[in-house]
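This is a predicted model, so every value here is computed, not measured. Chain A is the first sequence line, chain B the second, and so forth, proteins listed ahead of strands; every chain is numbered from 1.
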Amino acid sequence: MPELPEVETVAADLRPQLIGSRFAAAHIHWPRTLAAPDAELLDAQIVGREVIAIGRRGKYLLVHLDSGQTLIIHLRMTGQLAVVADDSPLLSDPHLRAAFDLADGRHLTFTDARKFGRIWLVDAIEQVVGKLGPEPLDWTFTPEALTERLQTRRVAIKALLLDQTVVAGVGNIYADEALFMAGIHPLRPAASLTGDEIVRLRDAIRAVLQESIDARGTLLRDYRTPYGQDGAYQNHLRVYQQTGQPCARCGASIERIRVTQRGTHFCPRCQS
DNA sequence: ATATCTGCCTGCTCGC
DNA sequence: TGCGAGCAGGCAGATA
């Protein structure tokens with residue numbers, strides 16, 4: 001499931017493929033994939049527009065156009081983007097939900113088996129990403145910023161890390177990995193964290209995300225990079241999907257519990 | 001305001 | 001081997 005490092009990797013891969021290219025048409029094959037505007041207006045507004053930059057905010061991919069508008073794509077669980085030639089079998093993939101024709105004959109494809117992914121074309125990105133919390137790798141993600149969002153909350157810290165208004169881009173994998181690295185039990189009430197623990201957690205979030213970006217993300221069932229190169233962070237996972245394996249730090253058996261409906265992995269000895 | 005639950009979806013794994 | 005049940009989970013929207 002793509003989280004911040006995976007979306008960052010997709011953005012890096014798409015940049016050389018798309019910047020400077022123009023759109024010639026937009027085709028929506030599964031209507032719910034397009035959140036806004038409607039398909040007719042999307043096509044009218046995107047035709048002839050050139051991609052000038054590709055960015056990311058949280059788990060949202062931002063394709064900036066020369067019109068000032070931005071095409072925003074959220075991969076959710078199973079969404080995948082690729083830039084392909086006219087004869088690509090991806091164009092007839094049964095999971096193809098949207099396809100954007102480029103003026104040079106190539107296509108930007110969006111395949112998504114589970115149909116959870118969403119696409120927007122907006123005048124201002126705040127319409128979609130306005131409520132997100134700080135970018136964890138930016139200087140704005142300070143211990144103070146995290147403290148402010150945790151200190152009044154009684155829910156489990158694991159649940160709060162998945163709240164995109166607390167910090168943008170962390171999902172189930174990196175929440176578990178960051179809590180392990182910080183030595184904090186996932187069920188701890190958020191407001192019970194000490195100042196020292198919040199600093200450790202903030203540093204751990206940044207460290208696991210950066211490590212994963214450096215490895216091109218985590219390759220699991222639902223995430224592939226556009227051109228088939230493999231992310232490698234699944235080889236670095238310390239607790240996620242390591243249930244029953246010995247903890248690399250202390251040797252205790254990694255446990256799996258449910259925290260607000262989410263599978264949660266942790267070391268019962270290292271995390272308290 | 002905060003916390004929890006449900007729906008969206010389909011492919012995969014598991015147990016019989 | 002076949003098959004149905006349950007699970008996976010990000011996020012919006014509803015409910016308590």
**Q.** Pair listing, side-chain hydrogen bond (donor to acceptor under 3.5 Å, both in side chains) test, anchored in residues 198-209 of chain A, at least two apart
**A.** A/D196-A/R200

Q: Please state how far atom CG in A/D176 lies from atom P in C/dA8, giving the value in whole angstrom units.
A: 12 Å

(Q) Holding to ring-ring contact (aromatic ring centres under 6.0 Å, His included), I want the full list of residues that pass it with A/F116, two or more places apart in sequence or in another chain. (A) none

Q.
The side chain of A/T260 is closest to which nucleotide in this list: B/dT4, C/dA8, B/dT10?
A. B/dT4

(Q) Need one value for A/R258: base, sugar-phosphate or nothing, where a base atom within 4.0 Å counts as base even if backbone is also close, heavy atoms only. (A) sugar-phosphate

Q. What string of B, S and - do you get for nucleotides 10-16 of chain C 5' to 3' if you count protein non-hydrogen atoms under 4.0 Å?
A. BBS----

(Q) In terms of relative ring orientation, are A/Y60 and A/H74 parallel, tilted or perpendicular, with 30° and 60° separating the classes? (A) perpendicular

Q.
So does A/Q241 get a backbone contact from the side chain of A/T243, meaning a donor-acceptor N/O pair under 3.5 Å?
A. no

Q. Would you say a side-chain N or O of A/R256 is under 4.0 Å from OP1 or OP2 of C/dA8?
A. yes

**Q.** Global bending angle along the helix from B/dT2-C/dA16 to B/dC16-C/dG2, which compares the axes of five pairs at either end, to 10 degrees
**A.** 50°

Q.
For the backbone of A/M181 and the side chain of A/R238, can you confirm whether one donor and one acceptor N or O come within less than 3.5 Å of each other?
A. no

Q. Between B/dC5 atom C1' and A/D163 atom CG, what is the distance in whole Å?
A. 16 Å

Q. Between A/D176 (side chain) and A/H265 (backbone), is there a donor-acceptor pair under 3.5 Å?
A. yes

Q. What is the distance from NZ of A/K115 to C1' of B/dG11, rounded to the nearest Å?
A. 13 Å

Q) Does A/F266 sit in a hydrophobic cluster with other residues, and if so which ones, taking ILVMFWY side chains as linked at heavy-atom separations under 4.5 Å, directly or through other members? A) A/L187, A/I257, A/V259

Q | Distance test, side-chain N/O of A/H95 to OP1/OP2 of B/dG11, below 4.0 Å | A | yes

**Q.** A/L187 CG - B/dT4 P separation (whole Å)
**A.** 11 Å

**Q.** Phosphate contact (B/dC9 OP1 or OP2) by A/R32 side-chain N/O below 4.0 Å
**A.** yes

Q: Answer whether the closest heavy-atom distance between the side chains of A/L102 and A/L18 falls below 4.5 Å.
A: yes

Q: If you link ILVMFWY side chains whenever their heavy atoms are less than 4.5 Å apart, which other residues fall into the same cluster as A/I254? By chain and number, please.
A: A/F180, A/V239

Q. Quick one: A/W30 CH2 to B/dC9 P, roughly how many Å, whole number?
A. 6 Å

Q: Could you tell me the separation between the CG atom of A/L150 and the P atom of B/dA1, rounded to a whole number of Å?
A: 19 Å

Q.
So if I take every side-chain heavy atom of A/Q261 and compare against B/dT6, B/dA3, B/dT10, which nucleotide ends up nearest?
A. B/dT6

